[in-house]
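Model, not experiment: these values are computed from the prediction. These values consider heavy atoms only, across backbone and side chains, with no hydrogens, waters or symmetry-generated copies. Sequence positions, counted from 1, serve as the residue numbers for this chain.
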Amino acid sequence: MKIKNQCQIEARSAEIWDLFLDPEALRAAIPGCKSIELVGEDEYRAYLSLGISAIRGNYSGTVKIRDKVPTSSYRMIVEGNSSVGFAKGEGTII
């Protein structure tokens, strides 16, 4: 399944960069994310509640930031497990 979304934010790129590396902003940007905490460099532990068909449930997993190009872009990798299965997702912030 592919989910695609796009939005444009009117702000300086440095402000946006700082915002999207802030754990609370990441929590708000990841659908279903209930909490997130830093556990290593560019790696977070996250708790998500997803309601998509057969993968509905509460998940614990990781959020990893990779391929950073400061003030320009990065790739976000989300992986989670629950009693009903697993979920993986990836997105690029540009």
Side-chain angles (χ1 to χ4, degrees):
M1 167 182 8
K2 280 191 173 189
I3 300 172
K4 186 174 183 176
N5 193 8
Q6 183 176 346
C7 70
Q8 188 166 346
I9 301 170
E10 296 296 326
R12 292 181 315 132
S13 59
E15 292 172 323
I16 295 169
W17 180 258
D18 291 342
L19 181 66
F20 279 110
L21 289 175
D22 175 84
E24 183 56 27
L26 287 174
R27 186 202 59 76
I30 299 169
C33 188
K34 300 298 180 189
S35 67
I36 190 166
E37 61 183 293
L38 184 65
V39 294
E41 185 175 345
D42 296 331
E43 189 164 333
Y44 303 85
R45 181 176 327 273
Y47 299 93
L48 298 94
S49 180
L50 298 176
I52 304 171
S53 188
I55 62 168
R56 182 178 309 270
N58 295 313
Y59 292 78
S60 61
T62 59
V63 176
K64 299 175 184 174
I65 306 297
R66 299 292 184 257
D67 305 328
K68 289 193 325 188
V69 179
T71 72
S72 180
S73 66
Y74 66 79
R75 191 166 50 103
M76 178 189 299
I77 303 162
V78 180
E79 297 181 356
N81 293 294
S82 79
S83 61
V84 297
F86 68 93
K88 291 183 177 185
E90 183 176 315
T92 302
I93 308 297
I94 9 183

Within the structure provided, determine whether Asn58 and Ser82 are in side-chain contact (heavy-atom separation under 4.5 Å). no
Does a sphere of radius 6.0 Å around CZ in Arg45 hold more than 12 heavy atoms from other residues, nucleotides or ligands, not counting ones at 6.0 Å or beyond? no
How close do [X] and [Y] get, heavy atom to heavy atom, and via which atoms?
X     : Y     : value
Ser49 : Lys34 : CB-CE, 3.7 Å
Val63 : Ala46 : CG2-CB, 3.9 Å
Tyr44 : Pro23 : CE2-CG, 3.8 Å

Can you tell me how far the [atom1] atom of [X] sits from the [atom2] atom of [Y], to the nearest 0.5 Å?
X     : Y     : atom1 : atom2 : result
Tyr47 : Ser60 : OH    : OG    : 6.0 Å
Arg66 : Thr92 : CZ    : OG1   : 13.5 Å
Leu48 : Glu79 : CG    : CD    : 12.0 Å
Ile93 : Ile65 : CD1   : CD1   : 7.5 Å
Glu90 : Met76 : CD    : CE    : 10.5 Å
Tyr74 : Asp42 : OH    : CG    : 9.5 Å

Taking Ile77 as the starting point, is it possible to reach Leu21 by hopping between hydrophobic residues whose side chains are less than 4.5 Å apart? no
Hydrophobic cluster membership, with links at side-chain heavy-atom distances under 4.5 Å among I/L/V/M/F/W/Y: are Leu38 and Ile36 in one? yes
